[in-house]
Amino acid sequence: MIKNICCIGAGYVGGPTMAVIAKQCPEIKVTVVDVNQQRINAWNDADLNNLPVYEPGLADIVQEARGRNLFFSTEVDQAIDQADMIFISVNTPTKTYGIGKGKAADLKYIELCARQIARVAKTDKIIVEKSTLPVRTASAIRDILDNTGNKVKFQILSNPEFLAEGTAISDLLNPDRVLIGGNPETEEGQAAINVLTEIYARWVPENRILTTNVWSSELSKLTANAFLAQRVSSINAMSEICEKTGADIDEVAQAIGLDSRIGSKFLKASVGFGGSCFQKDILNLVYIASSYGLDQVADYWEQVIIMNDYQKSRFANNIITTLYNTISGKKIAFLGWAFKKDTNDTRESAAIYVADYLLNEQAELAVYDPKVSEQQVLTDLNYLNTRSEQENVNLISFNSCPYENCKDAHAIAVLTEWDEFKTYDWQRIYDNMLKPAFVFDGRNILNEKELTKIGFKYQGIGK
Ligand code: NAD
Ligand code: UGA
């Protein structure tokens with residue numbers, strides 16, 4: 001019986017996942033630890049608006065469980081020591097140095113966790129890989145844990161997370177499936193699988209809890225993300241054909257989505273997918289394939305990224321050519337900066353790359369996003385290192401009022417599909433813009449007919 005769970009990593013996965021486990025299992029003490037003091041402080045902030053992760057429904061769950069059986073702390077050693085089960089939910093970014101630079105997953109944080117667990121643990125523990133990892137990572141973790149010489153026994157499970165940001169809480173409460181990879185051949189291995197299954201079985205129907213071998217579980221996570229991203233790149237590839245032929249991508253998506261073999265989800269053409277995982281996980285898959293000499297397989301998946309990069313630059317290019325081939329000194333108002341709606345996460349957001357492209361042409365950007373701060377936008381652009389921090393400050397303005405943000409703009413670019421954009425008073429926005437007033441709808445969320453009637457020059461994706 002599990003009494004104490006520790007989760008290493010209090011990020012977008014560790015925080016919401018553990019909050020839901022704590023909510024559903026009030027008698028289990030769940031401690032989420034992180035080396036980032038600021039993040040832990042934010043998780044402990046009395047004002048729930050200051051939680052480091054914005055997700056609909058999250059604040060209510062944190063309010064219910066925090067201090068009861070959900071704790072956030074920087075005392076990593078202590079939490080490891082007390083836990084029967086340890087989730088590793090640290091970041092696994094793309095390597096920026098050395099062998100595999102730009103493709104392979106950087107596993108240094110995972111290894112640090114394994115070494116810390118090995119050093120601190122005095123009692124047997126179940127280690128759960130929650131982070132997304134290259135297939136066969138569990139064997140490296142096992143090597144580290146088995147060589148501590150302190151006779152502690154570890155069971156290692158893979159339990160990848162499939163939540164999507166913006167819908168994390170409903171995904172966690174009602175998942176399509178929970179995947180548990182383990183070693184049922186040994187008695188202890190089977191027991192570990194059973195223990196984790198019992199936790200999820202409190203609220204997930206048993207037929208949605210799938211057990212596989214560890215390697216299948218690790219690889220299934222990369223495969224799921226690769227398939228999802230591939231659908232977005234596929235529909236985006238078709239969007240350009242639509243623009244050349246008079247077909248409409250939303251109509252095409254609807255027509256093919258009604259085929260039950262294809263399905264209707266994930267067929268929304270866009271300015272390009274973003275987020276911390278799709279690109280990183282596909283690059284990781286490409287690297288794994290290459291390292292086994294499977295060059296055709298690697299090229300096949302890399303094309304999904306190439307198409308996505310092309311979609312972002314195509315969107316930016318279209319703005320420039322439509323605005324009479326020069327945007328120098330012109331104000332372009334961005335609506336949205338997050339990589340999708342209902343999240344404050346901006347990692348790999350298409351907005352960053354489109355902005356960089358337009359800034360290279362000396363545009364002046366005005367950015368509004370309901371959940372993203374001015375500082376975050378500047379941090380994202382500074383990270384690219386394309387121009388000095390001061391230049392970024394000079395070229396970008398912010399306004400917490402969307403109407404002010406769009407005032408005197410030559411064009412509006414919709415980068416995120418926030419619902420509120422649909423219900424704005426577009427006549428008011430039009431009246432305060434320079435004419436001709438352009439709208440580039442990178443998410444196809446606005447009402448083209450209505451906007452055109454007002455007088456806007458509207459362009460969607462694949463229209
Ligand atoms: P994140 O960057 O938001 O959070 C990771 C946290 O781990 C950070 O706060 C960092 O300080 C902490 N950390 C790193 N090393 C540590 C250590 N040694 N000790 C203690 N804390 C440490 O990342 P995330 O978005 O939560 O993603 C975590 C993993 O989950 C990644 O592998 C990712 O691919 C995967 N994943 C993410 C999502 C998502 O929607 N973000 C969904 C499914 C899976
Ligand atoms: C994705 C997966 O959906 C999750 O199952 C997975 O757990 C997660 O990655 C992960 O491993 O990190 P997430 O990136 O949070 O989740 O969000 P998605 O809804 O998948 O959207 C990703 C990007 O694709 C967004 O920029 C979104 O706007 C874009 N997208 C999505 C489209 O452009 N069109 C679509 O039809 C769907």
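All ligand and atom numbering here is 1-based and tracks the order in the structure.
- Of the protein's non-hydrogen atoms, the one nearest atom 20 (O) of ligand 2 is Phe266 CZ, 3.1 Å.
- Among Lys280, Glu55, Lys130, the residue whose heavy atom sits closest to atom 33 (C) of ligand 1 is Lys280.
- With Glu218 contributing its side chain and Arg136 its backbone, the two residues share a donor-acceptor pair below 3.5 Å.
- Near Ser270, with a cut-off below 4.0 Å to any heavy atom, the atoms of ligand 2 are 32 (C), 33 (O).
- Of the protein's non-hydrogen atoms, Phe273 CB, 3.2 Å is the one closest to atom 24 (O) of ligand 2.
- Considering only non-hydrogen protein atoms, atom 25 (C) of ligand 2 sits nearest to Phe339 O, 3.5 Å.
- Inclusion of Glu417 in the set of residues having an N or O under 3.5 Å from an N or O of ligand 2 is not warranted.
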Working note: Asp81 + Lys122, criterion salt bridge (Lys or Arg N to Asp or Glu O under 4.0 Å); need CA distance, chi angles, decisive distance, verdict.
CA-CA 7 Å; Asp81 180 38; Lys122 296 192 279 294; 3.2 Å; yes
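- Polar contact with ligand 2: present for Gly274 (N/O pair, distance under 3.5 Å).
- At a heavy-atom distance under 4.0 Å, only side-chain atoms of Lys221, from C-beta outward, approach ligand 2.
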Pair Thr322-Asn318, side chain to side chain donor-acceptor pair (under 3.5 Å): steps then yes or no:
CA-CA 6 Å; Thr322 308; Asn318 183 40; 3.3 Å; yes
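- Remark: ligand 2 and Glu165 share an N or O pair separated by less than 3.5 Å (distance only, no angle test).
- Atoms of ligand 2 lying under 4.0 Å from any heavy atom of Arg443, numbered from 1 in the order shown and given with element: 27 (C), 28 (O), 33 (O).
- With respect to atom 12 (O) of ligand 2, the closest heavy atom belonging to the protein is Cys277 SG, 2.7 Å.
- For atom 18 (P) of ligand 2, the closest non-hydrogen atom on the protein side is Lys340 NZ, 3.6 Å.
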